[in-house]
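All chains are named by letter (A, B, ...) in the order of the sequence lines, taking the proteins before the strands, and each is independently numbered beginning at 1.
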There are 2 protein chains.
Amino acid sequence: MKRKITLKQIAKELDVSISTVSKSLRNSLEIGEETRLKVQAFAKFYNYKPNNIALSLKNRKTKSIGIIIPEIVHHFFSTVINGIEQVANEHGYSVVICLSDDSFDKEVLNMEMLANGSIDGFIMSLSKETQFKGDFHHITEVINQGMPVVMFDRVTNDILCDKVIIDDKAAAYEAVQSLIDNGRKKIALVTTVDYVSVGKLRTDGYEKALLDNGIPFNEDLIIKIEDVDTCEITISELLHDRAFDAVFAVNELFAVTIIKTASKMGLKIPEDLAVIAFTDGIISKYSTPSITTVSQSGEKMGNKAAKMLIERLEAEHDEDEDENENYTTEVIETHLIKRESTD
Amino acid sequence: MKRKITLKQIAKELDVSISTVSKSLRNSLEIGEETRLKVQAFAKFYNYKPNNIALSLKNRKTKSIGIIIPEIVHHFFSTVINGIEQVANEHGYSVVICLSDDSFDKEVLNMEMLANGSIDGFIMSLSKETQFKGDFHHITEVINQGMPVVMFDRVTNDILCDKVIIDDKAAAYEAVQSLIDNGRKKIALVTTVDYVSVGKLRTDGYEKALLDNGIPFNEDLIIKIEDVDTCEITISELLHDRAFDAVFAVNELFAVTIIKTASKMGLKIPEDLAVIAFTDGIISKYSTPSITTVSQSGEKMGNKAAKMLIERLEAEHDEDEDENENYTTEVIETHLIKRESTD
DNA sequence: TTTCAACACTACCACGTTTTCGTAAACCAA
DNA sequence: TTGGTTTACGAAAACGTGGTAGTGTTGAAA
């Protein structure tokens, strides 16, 4: 068990000073060729690699970026991480991931833990509880300390920073419009209890599409679901009354559950019931019938978020005191992926 | 934009020495109460938090653990990360994640990047390419430097370290046995090209179950699939001949594809074709019909792996030179989750 | 012979912490 | 007063690195 070798050890071994070793390895001209080569050979032999921690301390840069998301076992978030990691890696950054479990306290804790020097900047999506509370002091604090933050998907207007989102309202509008175009009149919206920003926006889009097409907006057709496992009853009752002939679900889990319930009742998809879901994940693709979805390219969001963050990190160096923080909000394109659940 | 405050700044501001500040904050008795309280109040007011990087450098401990996995957009791996994160968090560790994309080079690169001080230990699952090449020098090197490594799922016998696996062979055996118990005789195995260790083991279990039940092992019933998207043809041909009445698939993607293909051909599941898949993910749960699977609790694997690693990290401190590395291999229990795709 | 540059290298500082050791001042007993 | 202990604090080293500013030697030009 040989510990990693340091400059100091090399210096001692070769009987030169630490600086000589350091300079030799960086090919400085101040060092004579003989010494330089000797040091380099020695370093190579012992596989010398500078210690990241020491470098971080010295440069005040860790070359790693912190990601805070509500959960990781979720296709959308995994793809975002994937997207972030790609760009980060290209630029020599590593990613540190913390999960908030949709809890405010964990989000705060994790941010504080990472903010004390561990990372150079944050990419995050708000936890449900944080959105509900509307308490963002932990984020402002981090930003005030000069640490750049990029928010994605679940963002808030209360914080000024770079953001990456999709146009939830427009996407929902498009989805509902396509149902209407196919002759559907009674379109239900299946959503979550809506303190989460995106749920609200999607509902807005749904409503607008209806109204623009002269279809009255009916509160009874908005089904709010707290827990997926208990929603079957509600849905089957409504289906029994043939209260609607199409469904727009805010996520694919709701969609697939509805389809399963409807199928059990003998309804044909899409003839008797058309279904569109938000968020394109694996379930939609492999469900029977496969589900038409609104794509929400997590990878692209991740790419973009990482790019924005890294750009800001590298820029900071130069400007320094230039306080014109022109934050931008990037909107990622969505489109409808037509599959078997619609005609 | 106020930068984070340091001990030095506090010291200067209060006109005491750095050591006094440090000691006051750690409630050392050597410091008089008056000074101590003054310092603490000041520190609290300016929200002083020790710098993690400096602490890491001093303590030679980063309190973070590195995870290297082939990909993150994969339910199994997400759950493992989840499991690791839970335990890590409880013990005050953060996790740094790097993706190998199943590439040997990226795996090596990422490990080298993290090994230079960024983390205290690794939890990893081998990339396909690494398993194929059989080149593990990057891992031995890290271990030789005294950095503990825990491998999970895709492991190798060529490396001595702690491991967390499931008994792939036994699990496959159990699955196939259950098909046989239900009267199936012509059982196909759908697997990947098998340089990945687990594929091999599952095949072994499949074979053993057949032989133990006096069913001849038929090479033609082993279907090796390179790419999911192109496998439909192969499968439909075989199904057409009614070459088999049951399928054991090494992952749920294969399983769901088979079910879709069979359904299109008018076959009834499970009457005409029973299906069991390895790896319990969301697809199996929400597919129609839902798929019977071998559970492979990623979360438990993650929990266990993290526990093993952290235990070793905390222990190291004491023993130090005690070289009796008694590595263990933990086997996580699996069980069959019966769903609609079998009778 | 002096001076000046080039060369080859070393000293020192800073990054932020903790910790060991040291020491001045105050107090007490003899 | 002397010697010893306690109280309250400070100096400095260490972790590993990298940059700036020296320092001393040599050789050559003035």
Could you check how far [atom1] of [X] sits from [atom2] of [N], rounded to whole Å?
X: A:Ile18; N: C:dA14; atom1: CD1; atom2: P; answer: 17 Å
X: B:Ile53; N: C:dA14; atom1: CD1; atom2: C1'; answer: 16 Å
X: A:Leu7; N: D:dA14; atom1: CG; atom2: C1'; answer: 15 Å
X: B:Ile31; N: D:dG10; atom1: CD1; atom2: C1'; answer: 9 Å
X: A:Lys61; N: C:dG16; atom1: NZ; atom2: P; answer: 15 Å
X: A:Asn59; N: C:dA14; atom1: CG; atom2: P; answer: 16 Å
X: B:Glu33; N: D:dC9; atom1: CD; atom2: P; answer: 11 Å
X: B:Asn51; N: C:dT18; atom1: CG; atom2: C1'; answer: 13 Å

In terms of side-chain heavy atoms of A:Glu30, which of D:dA21, D:dG16, D:dG18 is nearest?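 Minimum distance to the A:Glu30 side chain belongs to D:dA21.
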What's the closest nucleotide to the B:Lys23 side chain, out of D:dC15, C:dT18, D:dC9?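 Comparing D:dC15, C:dT18, D:dC9 against the side chain of B:Lys23, the answer is D:dC9.
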When all nucleic acid strands are considered with a 4.0 Å heavy-atom cut-off, which category describes B:Leu55: base, sugar-phosphate, or nothing?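 Sugar-phosphate contact only.
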Using a 4.0 Å heavy-atom cut-off across all strands, classify B:Thr6 as base, sugar-phosphate, or nothing. sugar-phosphate
Would you mind telling me which residue lines up with the more 5' stretch of DNA chain D, B:Thr35 or B:Leu57, judged by nearest nucleotide? B:Thr35
Considering heavy-atom distances to DNA chain D, does B:Asp15 or A:Ala54 have its closest nucleotide positioned more toward the 5' end?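 Of the two residues, B:Asp15 wins.
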Using heavy atoms to find the nearest nucleotide of DNA chain C for A:Gly32 and B:Lys58 separately, return the residue whose nucleotide is more 5′.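 The residue mapped nearer the 5' terminus is A:Gly32.
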B:Ile5 or A:Val16: which one's nearest nucleotide on DNA chain C is closer to the 5' end?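 Upstream on the strand: A:Val16.
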Parallel, tilted or perpendicular: rings of A:His74 and A:Phe76 (30°, 60°): perpendicular
Tell me, yes or no, whether the heavy-atom count around A:Lys163 atom NZ, taken from other residues, nucleotides or ligands under 6.0 Å, exceeds 12. yes
Ignoring backbone atoms, establish whether A:Ser22 has a side-chain N or O less than 4.0 Å from OP1 or OP2 of D:dT17.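 So the side chain of A:Ser22 is outside the cut-off, no N or O lying under 4.0 Å from OP1 or OP2 of D:dT17.
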Can you check whether B:Arg36 has a side-chain N or O nearer than 4.0 Å to OP1 or OP2 of D:dC9? no
Quick check: do B:Asn89 and A:Met113 have side-chain heavy atoms less than 4.5 Å from each other?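 SC-SC contact between B:Asn89 and A:Met113 confirmed.
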Evaluate the side-chain proximity of B:Asp162 to B:Leu309: yes if any heavy-atom separation is below 4.5 Å, no if none is. no
Once you round to the nearest 0.5 Å, how far does CD1 of A:Ile72 lie from CG of A:Leu99?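 These two atoms lie 5.5 Å from each other.
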Between the base of D:dA11 and the side chain of B:Ser17, is there any donor-acceptor pair under 3.5 Å?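 Looking at the base of D:dA11, it does not pair with any donor or acceptor on the side chain of B:Ser17 (distance under 3.5 Å).
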